Amino acid sequence: MSAPDRWRFAVEIFPAGWRFPAGASWIAGWVLDRDGHAPADLRAWIDHLPVLGLHGLPRPEIEQRERGRAGVPYAGFSFLLQPPRDAAQLRLELRDATGEWTEFFQTAITVDPAAASPAAPAALPPLSAPPCSPP
C-alpha cells in the first residue's frame, strides 16, 4: 500500500474557497492510518515556509467511526496560519512512527492583498572562530 493510500483524513475547517483573509485563520481536521494509528507529528507548508500545528486532539466521533473506539491516539489536528499576501500553495505533511514525512493534502490558496508581505529572513551574525590556543 502506498503511503498516501495508508492515511484517511479530512480537512474540515478552512477559509471559504481557500481564500485567506489578512490576519490569522484556523484550519483543522483529522487524520488516521488504515490501522487506526495517528501520526507522530504534523506540519503545514505555506509555499516554502514550514508551520507546526497541534496534533493529537480528541475527535471521539471520528475515532469511533474510523476504528470502532474513541480515545488515544487522538485523530484531530489544527493549525493557526497567517499566510503572506503572495502565498499560492498550502501543503500538509505528517510524520509516521518511522520518522518519514509524507504529504497527505495540498491545495492552491489565495490571500487577501491587505495581508502582510513576506517577512525578510533574519540576518545571521558573522562567523568568527574562537582564538586557537596551543594544547
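This one's a predicted model, so the numbers in the text were calculated from it and none came from an experiment.
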Glu66 meets the side chain to side chain donor-acceptor pair (under 3.5 Å) criterion, sequence neighbours left out, with Arg8
Centroid-centroid under 6.0 Å between Trp18 and Phe105 rings | yes
Taking only residues at least two apart or on different chains, which pairs with a member in residues 21-30 satisfy salt bridge (Lys or Arg N to Asp or Glu O under 4.0 Å)?
-> none
The side chain to side chain donor-acceptor pair (under 3.5 Å) partners of Arg91 (sequence neighbours excluded) come to Glu93, Glu103
Excluding Leu54, membership of its hydrophobic cluster (Ile, Leu, Val, Met, Phe, Trp, Tyr; side-chain heavy atoms within less than 4.5 Å) reads Leu57
Would you say Pro39 and Arg95 make side-chain contact, with heavy atoms under 4.5 Å?
-> no
For the pair Asp33 (side chain) and Asp35 (backbone), establish whether a donor and an acceptor sit closer than 3.5 Å, ignoring hydrogens and angles.
-> yes
Residues two or more places apart in sequence or in another chain: which of them pass side chain to side chain contact (heavy atoms under 4.5 Å, CB included) with Ala10?
-> Glu12, Trp30
Any Leu90 side-chain heavy atom under 4.5 Å of Ile27 side chain = yes
Residues forming a side chain to side chain contact (heavy atoms under 4.5 Å, CB included) with Ala87, sequence neighbours excluded | Ile46, Asp47, Pro83, Pro84, Ile109, Val111
Side-chain touch Arg6/Thr102, heavy atoms, less than 4.5 angstrom | no
Closest non-hydrogen atoms of Thr98 and Asp96, given as atom of the first, atom of the second and distance, are OG1-OD1, 2.5 Å
Can you measure from CZ (Phe104) to CZ (Phe9) and round to the nearest 0.5 angstrom?
-> 6.5 Å
Sequence neighbours excluded, the answer for side chain to side chain donor-acceptor pair (under 3.5 Å) partners of Glu61 is Arg59
Transitive ILVMFWY cluster of Trp101 at side-chain heavy atoms under 4.5 Å: who else is in it?
-> none
Listed by chain and number, what are the side chain to side chain contact (heavy atoms under 4.5 Å, CB included) partners of Ala114, not counting sequence neighbours?
-> Ala22, Asp112
Show which residues join Val72 in its hydrophobic cluster (side-chain heavy-atom contacts under 4.5 Å, direct or indirect), or state none.
-> Tyr74
Quick one: CG on Leu92 to CZ on Phe79, what's the gap to the nearest 0.5 Å?
-> 5.5 Å
Side chain to side chain contact (heavy atoms under 4.5 Å, CB included) partners for Trp26, two or more places apart = Ser78, Leu80
Gln64: what forms a side chain to side chain donor-acceptor pair (under 3.5 Å) with it, not counting sequence neighbours?
-> none
How long is the gap from CD1 on Ile13 to CZ on Phe77, to the nearest 0.5 Å?
-> 9.5 Å
Connected via hydrophobic side-chain network under 4.5 Å: Phe20 and Val51 | yes
How far apart are the closest heavy atoms of Glu63 and Pro73, and which atoms are they?
-> OE2-O, 4.3 Å
